[in-house]
Amino acid sequence: MTHPDELPDSTDSTRTADSSESTPSAGEFTVTPSADEFTVTPYAVEGEVDYDKLLERFGADPLTDDQVARFPDQPMLRRRTFYAGRDVDRYLEAADAGEPHAIVTGRGPSGPMHLGHVLPLYLAKRFQRETGATVYVPLSDDEKFLAKDQSFEAIGGHTRDNLRDILAVGFDPERTRIVVDTADADVIYPIAVRLAKHLTPATVEAVYGEQDTVGLQFYPAVQATHLLLPQLVNGRQPTLVPIAVDQDPHVRVCRDVAAKEALPVEKPGALLGRFLPGLDGPGKMSSSGDAPSIELTADPETVAETIRTHAYTGGRATLEAHRKHGGDPTVDVPYQYLRFFFEEDDEKLERIATDYRAGDLTSGELKELAIDRITDFLAGHQRRRAALDGLETEVEPYRLTAEERRAALERAGVPAGIES
């Protein structure tokens, strides 16, 4: 996720999710005001995002204090980094009752993974550990081949590299399924074909605009397959998709398909997040852009150099001015990194903000705090990554079993193949 969190915590809301969503139109999916405001689409985020306006436009609900309290305790929820959702109560009720419930959070393997990519995975891990959630992690290597100017060989290399980082998160293999579109095409493709019958060209164009290839025009059916797969494997159950708010349109498309009741599934819910800021300040953090990012394999020296050189600060131009007037933590990227994930203790975080505003903590000192926390986090991740054996052996316990594949196809109404 990417972008600074400059807004106050969301207020309580008693609005309920719309249970009679109609086929979406273009206006429901994108926020593209005039150039001096902001733009949010699934593939572009520009300007200073007004998160409240996004909720009004997309029709999602701010998380209430009660909902946040019922989730497993985690700073990204406690501090409203994830600040809104769809059908959250259904998911929480199942988790509270010990009934089946699932999380879907995926990865598009077009390059190395960085901090913004992995934070939703660690959130999913917390849910799994605290409530027993089943976690599905689809990798859309096919979509990245279609959308990026990269060869299949290059995408395959990124997929293998990303898989090591996903495995290093430490999911429970008994409750986790990792799916790679091309490797698991025997399941993904037939179900996507089944769902594609319920997606109109108008809906696809509303979300993605005109696409360069028919492959990308078809891909929303594959993405809907990802989000519905837990229910197709194990039966109806609340499913929650933690994503940055710009990706919400993908969930809307899937919910529209699920609402047609062509398959035995419920509409997936969503947990919508604010953007983690890029190191150079406002703007969407992406490994495909020019903005610097911190990759999960970065060594401590690289992390330190990157933050010291590139991280945007809320400090004053001179040390004297900073001591006198203090800094602004709401725009300071090192502070925002601490707030999003890397400082779990709320009291410590508040002391850091207070000292920074008072000028007692300098921008350089705040950068060093962030460097220490981030390098500690990466050290643990990298130790687990280095301890992995051969990829094929490590991934095998996380793959769909033959029985699960048959169950998914049967629930989707796909006939047995010729080998049967």
| field | Side-chain H-bond candidate by donor/acceptor type, Q67 with D89, under 3.5 Å | value | yes
| message | Classify the ring geometry of Y189 against F218: parallel below 30°, tilted from 30° to 60°, perpendicular beyond 60°. | response | tilted
| Pairing of D256 and K267 as salt bridge, 4.0 angstrom limit | no
| Hey, are Q150 and S110 close enough side-chain-wise for a donor-acceptor pair under 3.5 Å? | no
| request: Flag the pair R405 and D184 as a salt bridge only when some basic side-chain nitrogen lies within less than 4.0 angstrom of an acidic carboxylate oxygen. | output: yes
| task | Answer yes or no: is there an ion pair linking D172 with R129, defined by an N-O contact shorter than 4.0 Å? | result | no
| query | In terms of side-chain heavy atoms, does Q223 have a donor or acceptor partner in H226 at a distance below 3.5 Å? | reply | no
| query | Thinking salt bridges, do R70 and D96 make one under a 4.0 Å N-O criterion? | reply | yes
| Are any side-chain N or O atoms of T159 and backbone N or O atoms of I155, one a donor and one an acceptor, separated by less than 3.5 Å? | yes
| task | Without swapping roles, check the side chain of R126 against the backbone of D73 for a donor-acceptor pair under 3.5 Å. | result | yes
| field | Axial cation check for Y337 ring with R373, 6.0 Å and 45° limits | value | no
| Test item: R175 side-chain N/O and V135 main-chain N/O as donor-acceptor pair under 3.5 Å | no
| With no hydrogens and no angle check, is any side-chain donor or acceptor of T225 less than 3.5 Å from a backbone partner on A221? | yes
| field | Distance-only side-chain donor-acceptor flag, Y356 / D332, under 3.5 Å | value | yes
| said: Quick test of your reading of the model: are E368 and R308 salt-bridged, counting only N-O distances below 4.0 Å? | reply: yes
| request: Apply the test side-chain contact (heavy atoms from CB on, under 4.5 Å) to residues L228 and L195: give CA-CA distance (whole Å), side-chain angles for both, the deciding distance (0.1 Å), then the verdict. | output: CA-CA 10 Å; L228 297 177; L195 296 178; 4.1 Å; yes
| message | Is the ring pair F145/F152 parallel, tilted or perpendicular, if the boundaries are 30 and 60 degrees? | response | parallel
| field | Presence of salt bridge, E394 and R164, under 4.0 angstrom | value | no
| said: Before you tell me yes or no, could you show the steps for D328 and T330 under side-chain hydrogen bond (donor to acceptor under 3.5 Å, both in side chains), namely the whole-Å CA-CA distance, both residues' side-chain angles and the distance that decides it to 0.1 Å? | reply: CA-CA 6 Å; D328 182 359; T330 67; 2.7 Å; yes
| field | Side-chain H-bond candidate by donor/acceptor type, Y122 with H381, under 3.5 Å | value | yes
| Thinking salt bridges, do K144 and D141 make one under a 4.0 Å N-O criterion? | no
